[in-house]
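First listed ligand is number 1; within each ligand, the first listed atom is number 1. Heads up: numbering here begins at 1 and tracks the sequence.
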Amino acid sequence: MIAIRSCSGFDEMTACVRLQIETWGYDASDVLPRKAFLLAQRIGGQVIGAFDTGIAGSAKGGPGALVGYALSWPGMKTGKGEPRAYLHSHMLAVREGYRNRGLGAQLKQEQRREALERGIRHMEWTFDPLEVKNAFLNLHKLGAIARRYEVNFYGTSSSRLQGGLPTDRLVAEWELDSPRVEAALDGRPPTAHVIEECIQVPASIRQWKASDAERGRAVAVQLENRGKFQQAFSKGLAVIGFTRDAEGNGVFELGPLAQAEASFKSQGM
Ligand SMILES: CC(C)(COP(=O)(O)OP(=O)(O)OC[C@H]1O[C@@H](n2cnc3c(N)ncnc32)[C@H](O)[C@@H]1OP(=O)(O)O)[C@@H](O)C(=O)NCCC(=O)NCCS
């Protein structure tokens, strides 16, 4: 009943904007307008939607059926070697009642399929390392790695998911046709890797961020983990895995960057 495809036309883009506001609760200073979505698609990015065709009157999809979307913009890596085009995926949202049924992962897989079809082999996005679910999706289910930590990346955010905390972010790197990513998407374990350090996130952090009384605990975890990530990355480690324990606490697994890069080599390289 769920169709995943590129959005088209003004009304489907407007539906993405509505779902954006519903998901993050952004005010006017943060919300991306429809023209940012339209342009993304025009300049080589992606606006991919998940449509529930079972909703009355939506058998063909359309704006009333939109229950999720992924938005990306094209970027260019410069530096050593030839400039390399890649996609920066800025937003992934699934409507609340449709979550935890694999739609987020399906939207990412469609981003990957569409990018590879155009010869784009690398995608990045940022995510809040205090969100256990997002870390699990990005690092475990999709096979991304992270080796960069950005302090207060977007400045103050009106996102209700942020709870007023600094917008610290990890940068997820997704090498689209690497054996590592293929294994993760097939549900196979990655090749054995050495874990040198672990960084933990308590399961309750989401509630702490949302509660005036407990926000201080979330701030303390953010500060402590910020230092740990920065120190680990400065000595050549990268996040190469993520697990959850029985209580739902998250564990970032860090190992040598060279090892992550080896598992990340694109098939054609
Ligand atoms: C993040 C988001 C897009 C994921 O969409 P989704 O459709 O629920 O994702 P999926 O169902 O594909 O995958 C979620 C996985 O996390 C797991 N999960 C759910 N709650 C979890 C938790 N508290 N801790 C760890 N893992 C959790 C699910 O079980 C599922 O794994 P499984 O398929 O192995 O069972 C959705 O939750 C959302 O819109 N969140 C708000 C906006 C946001 O944070 N966007 C992402 C910015 S990077």
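Looking at E110, its side chain never comes within 3.5 Å of a backbone N or O of I48 through a donor-acceptor pair. In this structure a side-chain-to-backbone donor-acceptor pair under 3.5 Å is present from Q222 to P166. A donor-acceptor pair under 3.5 Å is absent between the side-chain atoms of T126 and the main chain of R169, judged by distance alone. Between the side chain of N225 and the backbone N or O of Q200 there is at least one donor-acceptor pair closer than 3.5 Å. Looking only at distances, no side-chain donor or acceptor of R206 sits under 3.5 Å from a matching main-chain atom of K133. Between the side chain of R95 and the backbone N or O of L19 there is no donor-acceptor pair closer than 3.5 Å.
Under a 4.0 Å criterion applied to the non-hydrogen atoms of R101, ligand 1 contributes the atoms 11 (O). Of all atoms in ligand 1, listed by their number and element, those nearer than 4.0 Å to a heavy atom of A93 are 39 (O). Taking a cut-off of under 4.0 Å to the non-hydrogen atoms of V132, the atoms of ligand 1 that pass are 24 (N), 25 (C). Close approach to L103 involves these atoms of ligand 1, each under 4.0 Å from a residue heavy atom: 7 (O), 12 (O). Using a 4.0 Å cut-off to heavy atoms of W24, the atoms of ligand 1 that qualify are 42 (C), 43 (C), 45 (N).
Side-chain contact annotation: Q111 with K108, donor-acceptor N/O pair under 3.5 Å present.
The proximity of R244 to ligand 1, defined as any non-hydrogen pair under 4.0 Å, is limited to the side chain. Using a 4.0 Å cut-off between heavy atoms, T23 contacts ligand 1 through its side chain alone, with no backbone atom that close. Using a 4.0 Å cut-off between heavy atoms, L92 contacts ligand 1 through both its backbone and its side chain.
Looking at atom 47 (C) of ligand 1, its nearest protein heavy atom turns out to be N134 ND2, 3.8 Å. Summary of contacts: the protein heavy atom closest to atom 19 (C) of ligand 1 is N100 OD1, 3.1 Å. Closest protein heavy atom to atom 22 (C) of ligand 1: K133 CB, 3.7 Å. Here the protein heavy atom with the shortest distance to atom 12 (O) of ligand 1 is A105 N, 2.9 Å. Regarding atom 7 (O) of ligand 1, its nearest protein heavy-atom neighbour is G104 N, 2.8 Å.
Within a 4.0 Å radius of atom 40 (N) of ligand 1, the protein contributes one or more non-hydrogen atoms.
Listed here is the closest heavy atom pair of C16 and V47: SG-CG1, 3.9 Å. Across every non-hydrogen atom of G61 and T53, the tightest pair is N-CG2, 3.9 Å. Across P202 and W208, no two heavy atoms sit closer than the pair CG-CZ3, 3.6 Å.
G248 does not count as a contact of ligand 1, since none of its heavy atoms falls under 4.0 Å from the ligand.
Note on F37: it does not cluster hydrophobically with V94, by side-chain heavy-atom contacts below 4.5 Å among ILVMFWY residues.
Summarising the contacts of atom 13 (O) of ligand 1 with K141, R95, R206, the nearest heavy atom is found in K141. Comparing V67, I205, V94 by heavy-atom distance to atom 5 (O) of ligand 1, the nearest is V94. Distances from atom 48 (S) of ligand 1 to the heavy atoms of Y69, F127, Y98 show the closest one on F127. The residue among G68, A172, G102, A135 with a heavy atom at the shortest distance from atom 10 (P) of ligand 1 is G102. Considering R99, R169, H140 only, the shortest heavy-atom separation from atom 36 (C) of ligand 1 involves R99.
By the 4.5 Å heavy-atom criterion applied to side chains, L130 and V221 are counted as neighbours.
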